Number of protein chains: 2
Amino acid sequence: MLRGVALRVTRPRVAVLSAVHDHPHADTDSIIGVVREDLGEVSHQAVYDVLRALTVAGLVRRIQPTGSVARYESRVGDNHHHVVCRSCGAIADVDCAVGTTPCLTASDDHGFTIDEAEVAYWGRCPECVAATSAASGG
Amino acid sequence: MLRGVALRVTRPRVAVLSAVHDHPHADTDSIIGVVREDLGEVSHQAVYDVLRALTVAGLVRRIQPTGSVARYESRVGDNHHHVVCRSCGAIADVDCAVGTTPCLTASDDHGFTIDEAEVAYWGRCPECVAATSAASGG
DNA sequence: CCATTTTCTGGAATTACTCAAGGGATGGAA
DNA sequence: TTCCATCCCTTGAGTAATTCCAGAAAATGG
């Protein structure tokens, strides 16, 4: 898999790639933790570097909702979107809402050449909704 | 306007509010510069604090495209979106693409209670497209 | 004009991330 | 397998954006 994109196979890279696959939407710090459980001591710089290399190579995708640090996921190649919980920050995948390229046609693009539409749905996850309604009764 | 949201009227607040109105999509540092041209020396902390207060009060809206610092705009209340240039970071407003609440219906919301759909269109602004085609011929 | 409340100032601290140099591991060739 | 050139990882420092803290000034209400 790494060889497929002309990257050398090293333990940190394998561990980071596995971590992203096993923990979708994990932030850099979490990934560092997972990798260290796997390999022992690994520098944060290595993880940052590997994540960048994997992102450039297209093996992982970097997302960054407003107010959050960078997060990574292994679903690439499909233009899916995300729903983010305002309370706990949980993220879930959402497939394209309408057809294959939803919303890619802006009403007025101001002359921009648009190649991607990134959609972030904001709301509350089921757990937070349940917790709130249980506490406040409404 | 400030009184309308129960905020005290101070010179820094008026200056920040004006700056956001005059410079849509400006980042915090630019706003600090504009405010200081207006009032002389103002602490960055005051500007950060005012921007947060105005955001909470709903007088300005905070946006933060991936890879960019926080930016502020005065268009609030309408659910418009943004198109961002990958080359120079320029931002322009885009009205809702379809109807009044476009894309607000996710194909599978995973049980989330969604209240907002934030769309970021990524591409190249007219200037950058022109510069590239002039340089590379393609 | 005075007391209270809120805001502004100035500095330090935190977080996420980047830059730079050198030793070590990896992949290819013999 | 062995050797070498290349690329990667480690260490350490450094940057940028933002937040926290304590004291002083200003705005508000009477």
Side-chain angles (χ1 to χ4, degrees), chain A residues 1-20 23 25-57 59-72 89 91, chain B residues 1-20 23 25-57 59-72 89 91:
Chain A
M1 191 162 181
L2 287 166
R3 286 179 178 277
V5 292
L7 286 176
R8 293 194 176 180
V9 182
T10 65
R11 271 171 299 171
R13 288 185 170 177
V14 174
V16 169
L17 195 50
S18 299
V20 174
H23 304 269
H25 313 131
D27 58 70
T28 307
D29 206 51
S30 301
I31 293 173
I32 291 175
V34 172
V35 168
R36 284 185 178 162
E37 281 184 12
D38 222 16
L39 300 183
E41 191 57 27
V42 177
S43 68
H44 71 261
Q45 179 62 28
V47 177
Y48 274 103
D49 197 17
V50 169
L51 284 172
R52 173 178 298 188
L54 294 179
T55 302
V56 172
L59 288 186
V60 305
R61 180 176 165 198
R62 175 189 171 128
I63 59 176
Q64 189 170 11
T66 299
S68 170
V69 299
R71 293 168 181 275
Y72 296 86
I91 298 179
Chain B
M1 189 162 180
L2 287 166
R3 285 180 178 277
V5 291
L7 286 176
R8 295 194 175 180
V9 181
T10 66
R11 271 171 300 170
R13 288 187 169 178
V14 174
V16 169
L17 194 51
S18 300
V20 174
H23 303 270
H25 313 131
D27 57 72
T28 308
D29 205 51
S30 302
I31 293 172
I32 291 176
V34 172
V35 169
R36 286 186 177 162
E37 280 184 12
D38 222 17
L39 301 182
E41 192 56 27
V42 177
S43 70
H44 69 262
Q45 178 59 32
V47 177
Y48 274 103
D49 197 17
V50 168
L51 284 172
R52 173 177 297 189
L54 294 179
T55 302
V56 172
L59 289 185
V60 305
R61 180 176 163 196
R62 175 187 173 129
I63 60 176
Q64 189 170 13
T66 300
S68 170
V69 298
R71 293 166 180 277
Y72 296 86
I91 299 179

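Computed from a predicted structure; not experimentally measured. Each chain gets a letter, A, B and so on, in the order its sequence line appears, and its residues count up from 1.
Residue A:Thr10 has a polar side-chain atom (N or O) positioned under 4.0 Å from OP1 or OP2 of D:dC9. Residue A:Arg11 places no side-chain N or O under 4.0 Å from the OP1 or OP2 atom of D:dC8. In this structure, A:Thr28 reaches the C:dC17 phosphate: one of its side-chain N or O atoms is under 4.0 Å from OP1 or OP2. Neither OP1 nor OP2 of C:dC17 sits under 4.0 Å from any side-chain N or O of A:Arg52.
For the pair B:Gln45 CD and D:dA25 C1', the interatomic distance rounds to 16 Å; values are reported in whole Å. Nucleotide D:dC7 holds its C1' atom 15 Å from the CG atom of A:Leu54, rounded to whole Å. Straight-line distance from the CD atom of A:Gln64 to the P atom of D:dA17: 14 Å, rounded to whole Å. Look at CZ on B:Arg13: it is 10 Å from P on D:dT28, rounded to the nearest Å. With rounding to whole Å, A:Tyr72 atom OH is found 6 Å from C:dC17 atom P. In this structure, B:Asp27 places its CG atom 12 Å from C1' of D:dA16, rounding to the nearest Å. Protein atom CG of B:Leu39 is 14 Å distant from nucleotide atom P of D:dA26, rounded to whole Å. Look at CG on A:Leu51: it is 14 Å from P on D:dC8, rounded to the nearest Å.
Relative to the side chain of A:Arg8, the nucleotides C:dC8, D:dC7, D:dA17 differ in distance, and D:dC7 lies closest. Listed nucleotides D:dC9, D:dT10, C:dA25 differ in distance to A:Val42; the shortest reach to its side chain belongs to D:dT10. Closest to the A:Arg62 side chain, of the nucleotides C:dC17, C:dC8, D:dA17, is C:dC17. The side chain of A:Val69 has C:dA16 as its nearest neighbour among D:dT18, C:dT9, C:dA16. Side-chain proximity of B:Asp49 to C:dC8, D:dC7, D:dC9: nearest is C:dC8. Of the listed nucleotides (C:dC8, C:dG10, C:dT18), C:dG10 has the atom at the smallest distance from the side chain of B:Glu41.
Taken from CG in B:Leu59 to OH in B:Tyr72, the straight-line distance is 13.5 Å, to the nearest 0.5 Å. Here the NE2-CZ distance, from A:His44 to A:Arg36, works out to 8.5 Å after rounding to the nearest 0.5 Å. In this structure, OG on B:Ser43 lies 9.0 Å from CG on B:Asp49, to the nearest 0.5 angstrom.
Residue A:His44 places no side-chain atom within donor-acceptor reach of the base of D:dT10, judged by atom type and a 3.5 Å distance cut-off alone.
Using a 4.0 Å heavy-atom cutoff across all strands shown, A:Ala70 reaches sugar-phosphate atoms only and no base atom.
Here the closest heavy-atom approach between residue B:Arg71 and residue B:His25 is recorded as NH1-O, 2.8 Å.
By the 4.5 Å heavy-atom criterion applied to side chains, B:Val42 and B:Ile32 are not counted as neighbours.
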